[in-house]
Amino acid sequence: TGTIGFIQSGSHAIIHCQGVVDDAVASLPRWVYLHMCDTSGVNVGDVVRFDAVLDTSGKPQASRVAILAAAVSIGQYSGRIKQIVWGFFAYIECPGLTQKYGSDAYVPALQMGTVNVGDAVHFDAF
């Protein structure tokens with residue numbers, strides 16, 4: 001299983017999957033590619049089940065995707081970029097989320113855009 005982390009309309013989606021580890025950085029989860037023909041009906045934040053197959057370059061690709069739980073927004077928040085691990089993820093320091101849920105917001109690299117540590121951001125949390 002995994003969570004839809006990014007959708008490029010008409011092209012592909014990326015699934016954040018804790019069960020598949022990146023060979024280059026063993027402690028970080030790998031993003032699993034989902035081809036555009038399999039993205040119908042999925043949204044960022046959806047939890048999905050899928051079969052993992054290897055593409056021609058030996059990387060995992062999702063097949064036969066089923067939505068287990070649809071994403072539900074927990075609200076819009078504002079904060080500041082706290083830490084960036086380039087190419088992987090960032091954390092947003094957000095007092096409202098920290099007070100309510102006990103942690104900073106996690107942002108996958110593919111959704112960050114051009115940001116720097118300390119930048120103010122507004123976002124939808126899932």
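Partners of Tyr101 by ring-ring contact (aromatic ring centres under 6.0 Å, His included), not counting sequence neighbours: none found. Asp46 is linked by a salt bridge (charged side-chain N to carboxylate O under 4.0 Å, His left out) to nothing, counting only residues two or more places apart in sequence or in another chain. Among residues two or more places apart in sequence or in another chain, the side chain to side chain donor-acceptor pair (under 3.5 Å) test is passed with Asp55 by Ser57.
Within the structure, no pair that satisfies the salt bridge (Lys or Arg N to Asp or Glu O under 4.0 Å) test touches residues 7-16, not counting sequence neighbours. Applying the salt bridge (Lys or Arg N to Asp or Glu O under 4.0 Å) test to pairs two or more places apart or on separate chains, none has a residue in residues 1-14.
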All N/O donor-acceptor pairs, side-chain side in residues 87-98, below 3.5 Å, sequence neighbours left out:
unit_1: Thr98; atom_1: OG1; unit_2: Cys94; atom_2: O; d: 3.1
unit_1: Thr98; atom_1: OG1; unit_2: Ser103; atom_2: O; d: 3.4

Quiz: residues 70-85 side-chain donor-acceptor pairs under 3.5 angstrom, not counting sequence neighbours:
unit_1: Ser73; atom_1: OG; unit_2: Gly75; atom_2: N; d: 3.1
unit_1: Ser73; atom_1: OG; unit_2: Asp124; atom_2: OD1; d: 2.8
unit_1: Gln76; atom_1: OE1; unit_2: His122; atom_2: NE2; d: 3.2
unit_1: Ser78; atom_1: OG; unit_2: His122; atom_2: ND1; d: 2.9
unit_1: Arg80; atom_1: NH1; unit_2: Gly118; atom_2: O; d: 2.9
unit_1: Lys82; atom_1: NZ; unit_2: Asp104; atom_2: OD2; d: 2.8

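You'll find the side chain of Thr3 stays beyond 4.5 Å of the side chain of Ile15, heavy atoms only. Looking only at side-chain heavy atoms (C-beta outward), Leu34 and Ile14 stay at 4.5 Å or farther from each other.
Val53 belongs to no multi-residue hydrophobic cluster, having no ILVMFWY side-chain contact under 4.5 Å with any other such residue. Grouping Ile, Leu, Val, Met, Phe, Trp and Tyr residues whose side-chain heavy atoms lie under 4.5 Å apart, directly or via other members, places Leu68 in a hydrophobic cluster with Val47.
Taking both residues in full, the closest heavy atoms of Ala62 and Phe50 are given as CB-CD1, 3.6 Å, listed atom of the first, atom of the second, then distance. Nearest approach of Ile4 to Ile7, heavy atoms of both residues: CG2-CG1, 3.8 Å.
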